[in-house]
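Note: hydrogens, waters and symmetry copies are ignored here, and every other heavy atom, side chains too, is used.
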Amino acid sequence: MKTPPEAYLIFRAELKKAQLEKEKLRKLYEEKLAEMNREFCRLKEQIAAQQELMKTTIDYASRLEVDLDRLREEVEKNKKTPKSTFH
């Protein structure tokens, strides 16, 4: 069998190097993508926790506002009614 020309052997070696580099880059890309997905999930969890905290804070502030309004009404009512004494 005849040996292939030297240019063909060089081309084949370069092609193999290119394929290995391509595979290396693919693996690197997949690792980076997986890392970004993990970070994205972590950020989503943090945002959800912050939203829940904000909702709880708003609910608490609303309840305090209602309680304060009731207290004001009660104070106004007590101001208008004369105080009776037993003397």
Undergrad: Quick check for you: to the nearest 0.5 Å, what is the distance between Ile47 atom CD1 and Glu52 atom CD?
TA: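 Here the rounded value is 14.5 Å.
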
Undergrad: Hey, what do you get for CD (Gln51) to OG1 (Thr56), rounding to the nearest 0.5 Å?
TA: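 Separation between the atoms: 11.5 Å.
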
Undergrad: A side-chain contact here means heavy atoms from C-beta on lying under 4.5 Å apart; do Tyr29 and Leu33 qualify?
TA: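 Yes, close enough: below the 4.5 Å cut-off.
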
Undergrad: Starting from Leu15, walk the hydrophobic network (Ile, Leu, Val, Met, Phe, Trp, Tyr; side-chain heavy atoms closer than 4.5 Å) and list everyone else you reach, by chain and number.
TA: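 ILVMFWY cluster around Leu15 also holds Phe11.
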
Undergrad: Kindly compute the distance separating NZ (Lys55) from CG (Asp59), expressed to the nearest 0.5 Å.
TA: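 Going from NZ on Lys55 over to CG on Asp59, the span is 5.5 Å.
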
Undergrad: Would you check if Ser62 and Val66 make a side-chain contact, meaning some heavy-atom pair closer than 4.5 Å?
TA: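 Answer no - side chains too far apart.
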
Undergrad: Any salt bridge linking Glu35 with Lys32? Criterion: basic side-chain nitrogen under 4.0 Å from a carboxylate oxygen.
TA: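 Answer for the salt bridge query: no.
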
Undergrad: Might you confirm whether atom CD of Glu39 has over 12 heavy atoms from other residues, nucleotides or ligands at distances under 6.0 Å?
TA: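 Counting neighbours around CD of Glu39, more than 12 heavy atoms of other residues, nucleotides or ligands fall under 6.0 Å, so yes.
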
Undergrad: Measuring from Leu28:CG to Glu21:CD, what's the distance to the nearest 0.5 Å?
TA: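 Output value for this atom pair is 9.5 Å.
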
Undergrad: Counting neighbours of CD on Gln46 that are heavy atoms of other residues, nucleotides or ligands and sit closer than 6.0 Å, is the number greater than 12?
TA: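 Atom CD in Gln46 is packed in, count exceeds 12.
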
Undergrad: Between atom CD of Glu65 and atom CD1 of Ile58, what is the distance when rounded to the nearest 0.5 Å?
TA: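 Glu65 CD to Ile58 CD1: 12.0 Å, rounded to 0.5 Å.
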
Undergrad: Output the distance between atom CD (Glu76) and atom NZ (Lys79), rounded to the nearest 0.5 Å.
TA: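 So the gap between those two atoms works out to 5.0 Å.
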
Undergrad: Can Arg26 and Glu23 be counted as an ion pair, charged N to O under 4.0 angstrom?
TA: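 Answer for the salt bridge query: yes.
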
